[in-house]
Visitor: 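This is the structure I have questions about; it appears just below.
Numbering starts at 1 and runs along the sequence shown. Here the structure is a predicted model, which means the values were calculated and not measured.
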Amino acid sequence: MSDPVVLIPARMASTRLPGKPLADILGEPMIVHVWRRAMEAALGPVVVATDEPAIVAAIEAVGGTAVLTRSDHPSGSDRIFEAVQAFDPEGRHDVVVNVQGDLPTVDPRAVQAAVLPLANALVDIATIAAPIVREDERDDPNVVKPVATPIAPGLYRALYFTRATAPSGPGPLFHHIGLYAYRRKALERFVSLPPAPLEQRERLEQLRALEAGMRIDIAIVDDVPLGVDTPHDLERAREILAARRPH
């Protein structure tokens with residue numbers, strides 16, 4: 001059995017919503033809500049990886065664990081790799097789950113689903129996607145679509161990821177959700193690789209793994225969690241979480 005650790009990368013330098021991780025939602029910073037959802041998934045220890053002491057303080061204030069990382073990482077994957085090396089230098093945790101720090105409404109079951117494809121020893125990286133139901137998402141370049149082949153009910157093997165509308169022809173389209181579970185060795189290899197041509201062309205980091213011959217499998221979940229990128233998203237997150245509160 002695998003022994004996962006959940007990492008949440010968080011940085012303050014968001015262009016559209018400055019200071020995003022500390023934005024208030026129902027009296028607590030957004031990053032604390034993400035940490036709570038990850039804790040509810042009950043996969044293993046949860047660690048916030050950040051370059052901002054105020055985020056460390058916010059997580060420690062609620063009894064959580066945070067690791068201060070360098071500020072010059074090119075991506076969240078590099079940040080979580082530094083953090084997992086600091087948190088677990090002995091390598092006890094063989095699976096690293098990367099939950100984005102801007103998903104305060106994420107369903108803990110979606111976090112759990114992200115590790116399911118790793119039951120197959122041939123899979124290097126696992127991720128999740130949801131069926132596209134809104135017509136406008138089919139052609140939206142901000143909605144990343146996996147081109148994938150079914151291998152079992154609710155499980156697919158990724159062949160490609162694209163911002164284009166793909167694959168063509170009849171059949172479902174999926175909305176990729178940027179929540180990953182890496183085998184520790186796969187994460188170490190991934191961050192050592194240089195950016196790849198298709199990765200740079202599509203602006204999709206996961207293509208680096210596919211271009212290097214790594215296998216990514218996808219678990220299908222019911223819906224896409226709200227990613228908070230704008231003030232409007234933040235208001236929606238407040239409404240969703242307020243509605244979930246016991247009255």
Side-chain angles (χ1 to χ4, degrees), residues 3-73 75-90 92-93 95-112 114-115 177-182 184 187 225-247:
D3 186 6
V5 56
V6 180
L7 271 290
I8 305 172
R11 62 191 187 94
M12 295 292 273
S14 165
T15 49
R16 289 188 285 180
L17 193 61
K20 180 164 74 169
L22 297 179
D24 181 85
I25 300 177
L26 307 182
E28 287 190 315
M30 181 168 73
I31 191 64
V32 170
H33 288 275
V34 182
W35 171 81
R36 290 193 193 285
R37 301 296 87 74
M39 290 291 289
E40 288 161 11
L43 285 175
V46 178
V47 182
V48 172
T50 183
D51 58 358
E52 173 55 56
I55 294 175
V56 174
I59 291 297
E60 291 180 345
V62 292
T65 302
V67 172
L68 199 61
T69 61
R70 301 198 331 255
S71 60
D72 59 350
H73 285 302
S75 73
S77 307
D78 296 282
R79 189 176 310 285
I80 65 164
F81 184 66
E82 182 194 348
V84 77
Q85 297 294 87
F87 175 74
D88 178 31
E90 301 86 17
R92 292 190 311 272
H93 299 286
V95 169
V96 181
V97 183
N98 180 359
V99 177
Q100 301 299 337
D102 59 3
L103 301 176
T105 70
V106 68
D107 188 330
R109 290 171 298 184
V111 182
Q112 293 165 345
V115 302
I177 300 162
L179 202 159
Y180 295 92
Y182 298 85
R184 182 85 169 253
L187 176 62
L226 171 67
V228 175
D229 287 317
T230 66
H232 174 70
D233 297 335
L234 185 60
E235 279 308 314
R236 279 188 62 203
R238 287 171 177 149
E239 290 165 10
I240 291 167
L241 290 170
R244 287 185 191 171
R245 274 195 165 173
H247 296 295

Visitor: With sequence neighbours excluded, what pairs up with Asp78 under the salt bridge (charged side-chain N to carboxylate O under 4.0 Å, His left out) test?
Guide: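 Result, salt bridge (charged side-chain N to carboxylate O under 4.0 Å, His left out) vs Asp78: none returned.
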Visitor: Sequence neighbours excluded, which residues qualify as side-chain contact (heavy atoms from CB on, under 4.5 Å) partners of Glu235?
Guide: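 Listed in chain order: Arg238.
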Visitor: Just to verify, what does Ala237 make a side-chain contact (heavy atoms from CB on, under 4.5 Å) with, not counting sequence neighbours?
Guide: Ile25, Pro104, Thr105, Leu226, Val228
Visitor: Please tell me if the side chains of Val47 and Val84 come closer than 4.5 Å, counting only heavy atoms from C-beta onward.
Guide: no
Visitor: Arg11: which residues meet the side-chain contact (heavy atoms from CB on, under 4.5 Å) condition with it, sequence neighbours left out?
Guide: Ala13, Asp51, Arg79
Visitor: How far apart are the closest heavy atoms of Ala54 and Leu22, and which atoms are they?
Guide: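 The pair with the smallest heavy-atom distance is CB-CD1, 3.7 Å.
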Visitor: Rounded to the nearest 0.5 Å, what's the gap from CD1 on Ile55 to CG on Leu68? Could you check?
Guide: 9.5 Å
Visitor: Enumerate the salt bridge (charged side-chain N to carboxylate O under 4.0 Å, His left out) contacts for residues 95-106, please, sequence neighbours excluded, ordered by first and then second residue.
Guide: Lys20-Asp102
Visitor: First locate atom CE of Met12, then atom CG of Leu17, and finally report the distance between them rounded to the nearest 0.5 Å.
Guide: 10.0 Å
Visitor: Using distance only, find each side-chain donor-acceptor pair of residues 57-67 under 3.5 Å and give its atom names and separation, not counting sequence neighbours.
Guide:
none

Visitor: Test of understanding: with side-chain hydrogen bond (donor to acceptor under 3.5 Å, both in side chains), list the residues that count as partners of Asn98, not counting sequence neighbours.
Guide: none
Visitor: Tell me the closest heavy-atom pair linking Leu103 and Gly227, and the distance in Å.
Guide: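 Between these two residues, the closest heavy atoms are CD2-CA, 3.8 Å.
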Visitor: Should we count CZ of Arg245 as having more than 12 external heavy atoms under 6.0 Å?
Guide: no
Visitor: I need the minimum non-hydrogen distance between Val48 and Ala10, along with the two atoms involved.
Guide: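 Taking every non-hydrogen atom into account, CG1-CB, 4.4 Å.
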Visitor: Between Pro4 and Val97, which heavy-atom pair has the shortest distance, and what is it?
Guide: CB-CG2, 4.3 Å
Visitor: Output the distance between atom CZ (Arg184) and atom CG (Asp88), rounded to the nearest 0.5 Å.
Guide: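 The CG atom of Asp88 is 4.5 Å from CZ of Arg184, to the nearest 0.5 Å.
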Visitor: Looking only at heavy atoms, which two atoms of Val115 and Ala181 are closest? And how far apart?
Guide: CG1-CB, 3.9 Å
Visitor: Taking Gln100 for its side chain and Gly178 for its backbone only, find out whether a donor-acceptor pair lies under 3.5 Å.
Guide: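 Answer holds: yes.
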Visitor: Report the distance from atom CG of Leu26 to atom CD1 of Ile240, rounding to the nearest 0.5 Å.
Guide: 11.0 Å
Visitor: Go through the structure and list residues passing ring-ring contact (aromatic ring centres under 6.0 Å, His included) with Phe81, not counting sequence neighbours.
Guide: none
Visitor: Once you round to the nearest 0.5 Å, how far does CD1 of Ile80 lie from CG of Leu187?
Guide: 5.0 Å
Visitor: Please report the interatomic distance OG(Ser77) to OH(Tyr180), rounded to the nearest 0.5 Å.
Guide: 7.5 Å
Visitor: How would you list, by chain and number, every residue that makes a side-chain contact (heavy atoms from CB on, under 4.5 Å) with Arg70, sequence neighbours excluded?
Guide: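 Counting only residues at least two positions away or on another chain, Arg70 forms a side-chain contact (heavy atoms from CB on, under 4.5 Å) with Asp72, His73, Glu82.
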Visitor: Might you point out which heavy atoms bring Gly101 and Val34 nearest each other, and give the distance in Å?
Guide: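 Closest heavy-atom pair between Gly101 and Val34: O-CG2, 3.4 Å.
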Visitor: Under the side-chain hydrogen bond (donor to acceptor under 3.5 Å, both in side chains) test, which residues partner Glu239, sequence neighbours left out?
Guide: none
Visitor: With side chain to side chain donor-acceptor pair (under 3.5 Å) as the rule and sequence neighbours excluded, what pairs involving residues 34-44 come up?
Guide: Glu28-Arg36, Arg37-Glu40
Visitor: Who are the salt bridge (charged side-chain N to carboxylate O under 4.0 Å, His left out) partners of Asp107, not counting sequence neighbours?
Guide: Arg109
